[in-house]
Peer 1: 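First the structure, then my questions, so here it is.
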Amino acid sequence: MRRKVVAGNWKMNMNLSGTIELISAIKNELNKSDSKTEVIVCPPFTSLETAVTVLKGTSIKVGAQNMHYESDGAFTGEISADMLKSVGCEYVILGHSERRTIFGETDDIINMKVKKALSSGLKPIFCVGETLEERESNLTEKVVESQVKNGLSGISEHELSDLIIAYEPVWAIGTGKTASPEQAQEVHKFIRNLISKLYSDNLSENLVIQYGGSVKPDNAVELFSQPDIDGGLIGGASLKTDSFVSIVNS
Ligand code: PGA
């Protein structure tokens, strides 16, 4: 059976003291739970090292929200894979729709980032998803297929065993509108079949595909019980201990 993974994407929220408070509370609450779900927290860059320190000795993992594809050099304001590794980061979110739309990241840029993360020993949480307009024009599968194909272009099956895909319909992110469990399951199944066609049944059966977009304690159980949904990438609801822990326990 595939593992379930719940990751909290904090986005541009929480300073250092807020990070310590939230992570300590999450750690204490999860200590009491017997959930087998793998848990990842993705705070801002400035809190990563502290998050790793506070979580030492627990099974909770730390991820970053972005990185650059070059190793080093004159890229003012950017962070490299090696820098993330050096503070103890294990995961990195890549291709989030906010990076694609607000910061103009293309499939090619995201592909370079995914390659760099994998070759540096970081595990990407690679995000794909359609806009409302694309869904309404019946383009969901076409858009998701091209994001998956282009984002993973030139990457071998062997390397992909460390990658998680997050399906995040753009119209559901931060809007309070969640894809119905059936809508989400349909796209998850489509992605799993696509991976099977592009690589193998074995990879496709073992690949973790998370759902993201307005996941809350009251819809998590139904979403996560779909056969092809292996947990979630949680934005807003990951900023409160109660809601995040309740989603993990779903
Ligand atoms: P949301 O964000 O849960 O606030 O909709 C999800 C995400 O952007 O990863």
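All heavy atoms count here, side chains included; hydrogens, waters and symmetry mates do not. Indexing begins at 1, ligand by ligand and atom by atom, following the structure's order.
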Peer 1: Working to the nearest 0.5 Å, report the span between CG of Leu55 and CD1 of Ile23.
Peer 2: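 The CG atom of Leu55 sits 5.0 Å away from the CD1 atom of Ile23.
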Peer 1: Counting non-hydrogen protein atoms only, what is the nearest one to atom 4 (O) of ligand 1? Give residue, atom name and distance.
Peer 2: Gly236 N, 2.8 Å
Peer 1: For the 3.5 Å polar cut-off, considering only N or O atoms, please tell me whether Ser214 and ligand 1 meet it.
Peer 2: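 Yes: some nitrogen or oxygen of Ser214 is under 3.5 Å from one in ligand 1.
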Peer 1: What residue and heavy atom of the protein are closest to atom 3 (O) of ligand 1, and at what distance?
Peer 2: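 Looking at atom 3 (O) of ligand 1, the protein heavy atom closest to it is Gly235 N, 2.9 Å.
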Peer 1: Counting only heavy atoms, tell me which of Gln210, Glu168, Lys177 gets closest to atom 9 (O) of ligand 1.
Peer 2: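 When every heavy atom of Gln210, Glu168, Lys177 is considered, Glu168 comes closest to atom 9 (O) of ligand 1.
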Peer 1: With backbone taken as N, CA, C and O and side chain as the heavy atoms from C-beta onward, which portion of Ile173 lies under 4.0 Å from ligand 1: side chain, backbone, both, or neither?
Peer 2: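 Contact part for Ile173 vs ligand 1: both backbone and side chain.
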Peer 1: For the CG atom of Asp201 and the CG atom of Asn193, what is their distance to the nearest 0.5 Å?
Peer 2: 9.0 Å
Peer 1: So, using salt bridge (charged side-chain N to carboxylate O under 4.0 Å, His left out) as the criterion, who are the partners of Lys85 when residues are at least two apart?
Peer 2: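 Checked Lys85 against salt bridge (charged side-chain N to carboxylate O under 4.0 Å, His left out); zero matches.
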Peer 1: Checking the side chain of Tyr91 only, and the main-chain atoms of Ile93 only, is there a donor and an acceptor separated by less than 3.5 Å?
Peer 2: no
Peer 1: Between Ser204 (side chain) and Arg192 (backbone), is there a donor-acceptor pair under 3.5 Å?
Peer 2: yes
Peer 1: What atoms of ligand 1 come closer than 4.0 angstrom to any heavy atom of Gly213?
Peer 2: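 Those qualifying, in numeric order: 5 (O).
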Peer 1: Can you tell me if Lys216 contacts ligand 1 (heavy atom of the residue under 4.0 Å from the ligand)?
Peer 2: no
Peer 1: Hey, which atoms in ligand 1 end up nearer than 4.0 Å to a heavy atom of Gly174?
Peer 2: 1 (P), 4 (O), 5 (O)
Peer 1: Would you kindly specify which portion of Ser238 sits under 4.0 Å from ligand 1, judged on non-hydrogen atoms: side chain, backbone, both or neither?
Peer 2: neither
Peer 1: For ligand 1, is Gly212 a contact, meaning one of its heavy atoms is under 4.0 Å away?
Peer 2: no
Peer 1: Using a strict 4.0 Å cut-off to heavy atoms of Leu233, name the atoms of ligand 1 that fall inside it.
Peer 2: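 Once the distances to Leu233 are compared, the set is 6 (C), 9 (O).
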Peer 1: Distance under 4.0 Å to a non-hydrogen atom of Ala172: what atoms of ligand 1 satisfy this?
Peer 2: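 Under 4.0 Å from Ala172, ligand 1 has these atoms: 5 (O).
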Peer 1: Less than 3.5 Å apart, which donor and acceptor atoms pair up between the side chains of residues 120-130 and the rest of the protein, not counting sequence neighbours?
Peer 2:
| residue | atom | partner | partner atom | Å |
| --- | --- | --- | --- | --- |
| Ser120 | OG | Lys116 | O | 2.7 |
| Lys123 | NZ | Glu90 | OE2 | 3.0 |
| Glu130 | OE1 | Tyr167 | OH | 2.8 |
| Glu130 | OE2 | Arg135 | NE | 2.8 |
| Glu130 | OE2 | Arg135 | NH2 | 3.2 |
| Glu130 | OE2 | Tyr167 | OH | 3.0 |
| Glu130 | OE2 | Trp171 | NE1 | 2.9 |

Peer 1: Should the pair Glu29-Lys32 be classified as a salt bridge under the 4.0 Å nitrogen-to-oxygen rule?
Peer 2: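 Between Lys32 and Glu29 there is a salt bridge, with a charged N closer than 4.0 Å to a carboxylate O.
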Peer 1: At less than 4.0 angstrom from any non-hydrogen atom of His96, what atoms of ligand 1 do you find?
Peer 2: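 Within the 4.0 Å cut-off of His96, ligand 1 contributes 7 (C), 8 (O), 9 (O).
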Peer 1: Would you say the side-chain atoms of Ser200 pair up with the backbone N or O of Ser196, donor to acceptor, closer than 3.5 Å?
Peer 2: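 Looks like no, no N/O pair under 3.5 Å.
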Peer 1: Consider only side-chain N and O atoms of Thr37 and Ser35, and report whether a donor and an acceptor are under 3.5 Å apart.
Peer 2: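 Checked: Thr37/Ser35 side chains pair up, N/O donor to acceptor below 3.5 Å.
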Peer 1: Quick check on contacts: which atoms of ligand 1 are under 4.0 angstrom from a heavy atom of Lys11?
Peer 2: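 In order of number, 2 (O), 7 (C), 8 (O).
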Peer 1: Has Ala237 got any heavy atom lying under 4.0 angstrom from an atom of ligand 1?
Peer 2: no
Peer 1: Is a side-chain N or O of Glu134 found less than 3.5 angstrom from the main chain of Leu139, in a donor-acceptor match?
Peer 2: no
